[in-house]
Amino acid sequence: IIGDEYRWPHIIPYVLEDSLDLNAKGVILNAFERYRLKTCIDFKPWSGEANYVSVFKGSGCWSSVGNMHVGKQELSIGENCDRIATVQHEFLHALGFWHEQSRSDRDDYVTIVWDRILSGREHNFNIYNDSVSDSLNVPYDYSSVMHYSKTAFQNGTEPTIVTRISDFEDVIGQRMDFSDYDLMKLNRLYNCSSSLSFMDACDFELENICGMIQSSGDTADWQWLSQVLAGPENDHSNMGQCKESGFFMYFNTSSVKEGVTAMLESRILYPKRGFQCLEFYLYNSGSENDQVNIYTRVYTASNPEGVLTLQREIKEIPIGSWQLYYVTLQVTEKFRVAFEGVRGPGSSLGGLSIDDINLSETRCPHHIWRIQNFTQLLGSQNAEIRSPPYYSPKGYAYQIYLNLNSSTNVGIYFHLISGANDDQLQWPCPWQQATMTLLDQNPDIRQRMSNQRSITTDPTMTNDDGSYFWDRPSKVGSVAIFPNGTQFSRGRGYGTSAFITHKRLISREFIKGDDVYILLTVEDISHLNSTAIIPDPVPTSTAIVPTSAAHNACSEVECQNGGVCTVHEDRAECKCPAGEDWWYMGKRCEKRGSTQDTIVIAVASTVTVFAVMLVITLVSVYCTRRKYRKRASSKRAALSLENQHAF
Amino acid sequence: LPVPEMFVKDIDEGTERDIFDINEALGLDLFEGDIRLLMQGKNS
């Protein structure tokens, strides 16, 4: 939308209203993380700013377009809207974006079939001319998260939007993540040149190897190559699709003795948030005992040469394929990341290779489920795949079930299973949010359009027979057997049959080297039940901690007129809503103020002061005149007596 | 083939519902499907 008045500040104040489902709150915070990674837009809990976004559970999913300067600007994430791309879509509206197909040049790219549109819904296919809406010199985007799908407002089964290039017919309407052009437009509109959480991405395509350096303290070097006889045959970035390109870094362990090391260090990096996620692919064509160690070199005033700290030892690297790894870091000072290849015992005919490094100040997924030979699975009938068992940080055991049976959609479900800690855990399982991500394996984290869904365990949810859905699997689950023959109990699954369509699954880089990765995170989000404003993630590992004290303090305080309770120095305080010319005040936001009141007070004060001054002046004049009159009359009396006496 | 109800609960009930489907099913007639106009004509 054209007009600077519609822009928000780069840090948008927000409130997550209590009406929101807990799963929705978690999803919204995850959506904010995508903005922080890929744009210069950040979000902060509202602390009294004139205008803020109030996210609540209304009827449906909707938003206004742009900053309306109304103080509290509502954005609804209602039932079934708690999907990350839906939240991204609604916030793009709030940031000033219309739908992609309402562009002035829309008819050059798609045909709207008017007689297939539901009667009375034709207005949903409006076009804005270029004096109202600016496409910011970005081409029409079929893959925009702001585009409708072909079935929008149809009155039958035939598409209402037909793309002029037929290959895009099933592309429009994606709800995975920002497209490249979405980001280009957003970053142009808000003059973005950097983001809060992105640090570096390197696919080693250029000879400068992204400014990485070979350490001088080691005995061997990493080589910049595009192919190794013993493997890999090609890099991970392009998978051999581009001739004369596709490079990676290689440490030849076959040419060195046991114990020899080669260290490759990144350029200097400057952290902002204090927690990082390092992601990269490794290929091993050497010995099974070769390993890679990840170090950080942190520079401080007392250690200008940098302190080298071992962060992770990676052993048993699979032979003969690229494998994805994540390493969590917590660095608060300027630093480098170092990859150390170590020649282990045993014979080696090849070596270790690294490619597609990404470093960001985000949280790493807790688990990676790698599914190999995926194309074969996708084409086979009765394809049901179950992940290995995993444990959440709280100790709950779980398993993921991927259903490939449908010819159009892929389903994904989360199951609680019996585990070693079940006797110590709370049942029914309360408020654990499972986030399942199908990874788009684009080499650059900023260009990925990963498909993500989250579900949350509600301890009050019941089955048809009255039993608790998330109760202990050994109580409510059914018996199942792992491939190794171990028997266990599996609870009922919760998820979606429409996780992703087959057509989208084979697009992008979801399947790469015939591998698919499902990233899994299960975290306790019960703290989001609190009405306290959620703090930004901080350097400590416990990112979101409104604490039970916050909950207790606020449970005794009721803020009026839409005020929000927050805890400051262990005391509950009400943050009162305010607009441009009005505000609420008082301990409980019980009093209303406005600029009109101020004007009245100022005028009244002025008039009062004027009146008092006038009274004082009049009294002073009266008293002075009276005094001089008295003096004058006594002088006259004395003068007449003198004269009498003289005569 | 749908997964039997006894094994899993499908939050999407077998269909992919987009934003405008959700709003339409609720009987909402929002501008362009999911845009709320705060003041008459201000956004447009």
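The structure presented is a predicted model; accordingly, all values stated were derived computationally and were not measured. In what follows, chains carry the letters A, B, and so on, assigned in the order in which the sequence lines appear, proteins first and then strands, with residues in each chain numbered from 1.
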Classify the ring geometry between B:Phe20 and A:Phe153 as parallel (under 30°), tilted (30 to 60°) or perpendicular (over 60°).
-> tilted
Can you measure from OH (A:Tyr401) to CZ (B:Phe7) and round to the nearest 0.5 angstrom?
-> 9.0 Å
d(B:Lys9 NZ, A:Asp464 CG) to nearest 0.5 Å is 7.5 Å
For A:Ser497 against B:Gly14, the heavy-atom pair lying closest together = OG-CA, 3.2 Å
Got A:Arg175 and B:Glu16 here, is their nearest side-chain heavy-atom distance under 4.5 Å?
-> no
For each of A:Glu90, A:Arg121, A:Arg490, A:Gln73, tally heavy-atom pairs with chain B at distances under 4.5 Å, and name the one with the top tally.
-> A:Arg121
Measure the SG-CG distance between A:Cys81 and B:Asn23 for me, rounded to the nearest 0.5 Å.
-> 6.5 Å
Is a side-chain donor or acceptor of B:Asp34 paired with a backbone partner of A:Ser63 at a separation under 3.5 angstrom?
-> no
May I ask you to test the A:Leu75-B:Arg36 pair for a side-chain heavy-atom distance under 4.5 Å?
-> no
Given a strict heavy-atom distance threshold of 4.5 Å, which part of A:His99 is in contact with chain B: side chain, backbone, both, or neither?
-> both
What do you reckon, is CZ of A:Phe56 surrounded by more than 12 foreign heavy atoms closer than 6.0 Å?
-> yes
Turns out that what part of A:Ser133 lies under 4.5 Å from chain B's heavy atoms comes down to neither
Rounded distance (nearest 0.5 Å) linking atom CG of A:Asn80 with atom CD of B:Glu13 = 7.5 Å
Is the side chain of A:Tyr148 donor-acceptor paired with the backbone N or O of B:Asp18 at a distance under 3.5 Å, no angle test?
-> no
If one checks every heavy atom of A:Thr501 against chain B at 4.5 Å, the contacting part turns out to be side chain
Heavy-atom distances under 4.5 Å only: say whether B:Ile11 touches chain A with side chain, backbone, both or neither.
-> both
Considering non-hydrogen atoms only, spot the tightest contact between B:Leu30 and A:His123 and give its length.
-> O-CE1, 3.8 Å
Pick from A:Ser478, A:Gly477, A:Gly411, A:Ser102 with the largest number of heavy-atom pairs that fall under 4.5 Å of chain B | A:Ser102
Using a cut-off of under 4.5 Å for heavy-atom pairs, which of B:Leu26, B:Ile19, B:Thr15 has the most such pairs with chain A?
-> B:Ile19
Of the listed A:Glu79, A:His415, A:Arg83, the one with the largest count of heavy-atom pairs under 4.5 Å with chain B is A:Arg83
Within the distance-only criterion (no hydrogens, no angle test), does the side chain of A:Asn124 pair as donor or acceptor with the backbone N or O of B:Gly33 below 3.5 angstrom?
-> yes
